[in-house]
Amino acid sequence: QELSMVAWALATTGEAGEGAIEAVASAAKTVDGRGAQSLSAQQLATLAWALARLAYHEKHLLQDILNTAPARINAGEFNEQDLSNAAWAFGRLEVPAPRLFSCIGRAVRMRLRGRAKAAAGASRKKPAFSPQHLSMLAWAFAKQGICESKLLLAVAREARQRLGEFMARDLTDVVWALAQTGVRAPKLLQAAGEFAKTRISEFNSQELLRFVGAFRRAGGDASVQAALASVQQELTYTFPALGNLKVSLNANIPGRRGRHRSGRGTGDPQRADGGTTGVAVWEASFVL
């Protein structure tokens, strides 16, 4: 437990030197002479998450985790956060893990089905998967290039039913995953479009850019795209050291109405390969 806690702390601060994470990885490989097999489900998921946060590709340790985790998942030892962390970690590291994701997908579907049955029976039990868990899972499957339509549709259905709990970033990741995998979820997209229009102030510029592009590629309504693409956002900054100088920045989504690319619709803020440009167009009222 101490080992996974150290890994978590290093990843959370984001200031771990290479030597520190190497020491943790080395200890994990040799603990009790059994390596990853000696770790609990939570410790396995936390360790994988920490390695991913630190972008540390320790091939042998990652393989040890991949060899150990599926049986633990099938035995029901991974809770919702463990499943989300493990999926996100291997999605982030882009390490192929088809067996792991197959087990995760099956476990998540079973738990979401159980929640649906509980809801039908008027149970007041708190949902086990948080919006962040759901977005992490959808994002990770898409990042791995795994088109697990049953899993993604189950996530989309859960997201639609609990949309009020979602933050802009979480919803953006779910819509992006649908767009990336080509899985169609029209009811979620309709609800997501209304969410974006009514809660647009909750999106920062890059999130809005990603959302609009993913929404378009996922088959979202063109009128909603046009409405979102016409929005301007303004941020104001004050610089006390410069006599309380105020600087206002206006952000527009690249590809507003009137911009056209051959072979693609108007208002598309993404590259031809579907990736975001990562920037918004800013117009400063002052230039320092």
Side-chain angles (χ1 to χ4, degrees), residues 52-53 83-94 97 101 104-105 108 112 129-163 165-197 199-200 202-222 224-229 231 233 251 253-255 261 264-265 267-280:
R53 275 292 298 266
L83 292 167
S84 305
N85 282 346
W88 182 88
F90 284 92
R92 173 79 178 266
L93 291 169
E94 298 186 8
F101 276 78
I104 290 175
V108 171
L112 289 178
F129 286 102
S130 71
Q132 186 179 24
H133 292 154
L134 295 170
S135 69
M136 288 169 68
L137 286 162
W139 179 88
F141 272 81
K143 193 70 174 175
Q144 282 270 318
I146 299 174
C147 184
E148 172 60 88
S149 59
K150 291 182 179 179
L151 179 281
L152 291 171
L153 288 173
V155 168
R157 183 165 49 251
E158 184 79 0
R160 180 170 57 88
Q161 294 170 351
R162 298 168 53 197
L163 202 57
E165 302 173 34
F166 273 66
M167 297 179 63
R169 180 176 180 177
D170 297 329
L171 181 60
T172 298
D173 283 343
V174 173
V175 173
W176 178 87
L178 295 173
Q180 196 73 1
T181 57
V183 173
R184 296 297 183 182
K187 291 183 179 179
L188 173 62
L189 288 180
Q190 182 180 3
E194 291 302 314
F195 175 105
K197 288 195 298 181
R199 296 171 59 179
I200 196 165
E202 298 178 25
F203 289 79
N204 65 34
S205 296
Q206 188 164 354
E207 286 167 354
L208 185 57
L209 178 73
R210 289 184 68 234
F211 179 87
V212 172
F215 186 79
R216 184 201 65 78
R217 291 190 295 126
D221 184 81
V224 175
Q225 299 170 45
L228 295 175
V231 169
Q233 290 181 307
I253 294 178
R261 291 184 183 179
R264 300 176 68 83
D268 182 5
Q270 299 206 338
R271 302 192 309 256
D273 62 2
T276 60
T277 63
V279 296

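Taking the side chain to side chain contact (heavy atoms under 4.5 Å, CB included) definition, one finds that A154 meets it with L112, R157, sequence neighbours left out. Listed by chain and residue number, nothing satisfies the ring pair (Phe, Tyr, Trp, His ring centres under 6.0 Å) test with F90 (two or more places apart in sequence, or in another chain). Applying the salt bridge (Lys or Arg N to Asp or Glu O under 4.0 Å) rule to K197 yields the partners E194; only residues at least two apart in sequence or on another chain are considered. Under the side chain to side chain contact (heavy atoms under 4.5 Å, CB included) criterion, A156 pairs with A185, L188, sequence neighbours left out. Among residues two or more places apart in sequence or in another chain, the side chain to side chain donor-acceptor pair (under 3.5 Å) test is passed with D173 by R210. F166 is linked by a ring pair (Phe, Tyr, Trp, His ring centres under 6.0 Å) to nothing, counting only residues two or more places apart in sequence or in another chain. S135 meets the side chain to side chain donor-acceptor pair (under 3.5 Å) test with D170; sequence neighbours excluded. Listed by chain and residue number, V175, F215, A218 satisfy the side chain to side chain contact (heavy atoms under 4.5 Å, CB included) test with L189 (two or more places apart in sequence, or in another chain). Here E94 pairs with K143 under the side chain to side chain contact (heavy atoms under 4.5 Å, CB included) rule; sequence neighbours left out. Residues satisfying the salt bridge (Lys or Arg N to Asp or Glu O under 4.0 Å) criterion with R199, sequence neighbours excluded, are E202.
Note that the CZ atom of R53 and the CZ atom of R92 stand 7.0 Å from one another [nearest 0.5 Å]. The distance from the SG atom of C147 to the CG atom of L178 is 10.0 Å, given to the nearest 0.5 Å. In this structure, CG on L151 lies 10.0 Å from CZ on F101, to the nearest 0.5 angstrom. Atom CZ of residue F195 and atom CD1 of residue I200 lie 11.0 Å apart, to the nearest 0.5 angstrom. Once rounded to the nearest 0.5 Å, the distance linking CZ of R216 with CG of D221 reads 13.5 Å.
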Show your reasoning for whether side chain to side chain contact (heavy atoms under 4.5 Å, CB included) applies to T181 and F141. CA-CA 9 Å; T181 57; F141 272 81; 6.0 Å; no
With side chain to side chain contact (heavy atoms under 4.5 Å, CB included) as the test, would you mind laying out the steps for M136 and N85 before giving the verdict? CA-CA 8 Å; M136 288 169 68; N85 282 346; 3.4 Å; yes
Given L137 and F129, is the side chain to side chain contact (heavy atoms under 4.5 Å, CB included) satisfied, shown in steps? CA-CA 10 Å; L137 286 162; F129 286 102; 3.8 Å; yes
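Within a 6.0 Å sphere centred on CZ of R160, heavy atoms belonging to other residues, nucleotides or ligands number more than 12.
With hydrogens and angles ignored, the 3.5 Å screen pairs no side-chain donor or acceptor of E207 with any backbone N or O of T172.
Using a 4.5 Å heavy-atom cutoff, the side chains of R169 and N204 are not in contact.
Residues P131 and E165 come closest through the heavy atom pair CG-O, 3.6 Å. Closest non-hydrogen pair, A192 versus F211, comes out as O-CZ, 3.6 Å. Across every non-hydrogen atom of H133 and S84, the tightest pair is CB-OG, 3.2 Å. Here the closest heavy-atom approach between residue R217 and residue R184 is recorded as O-NH1, 3.7 Å. Between A138 and A177, the shortest heavy-atom distance links the atoms O-CB, 3.3 Å.
Applying the salt bridge (charged side-chain N to carboxylate O under 4.0 Å, His left out) test to every pair with at least one member in residues 130-142, sequence neighbours left out, gives no pairs at all.
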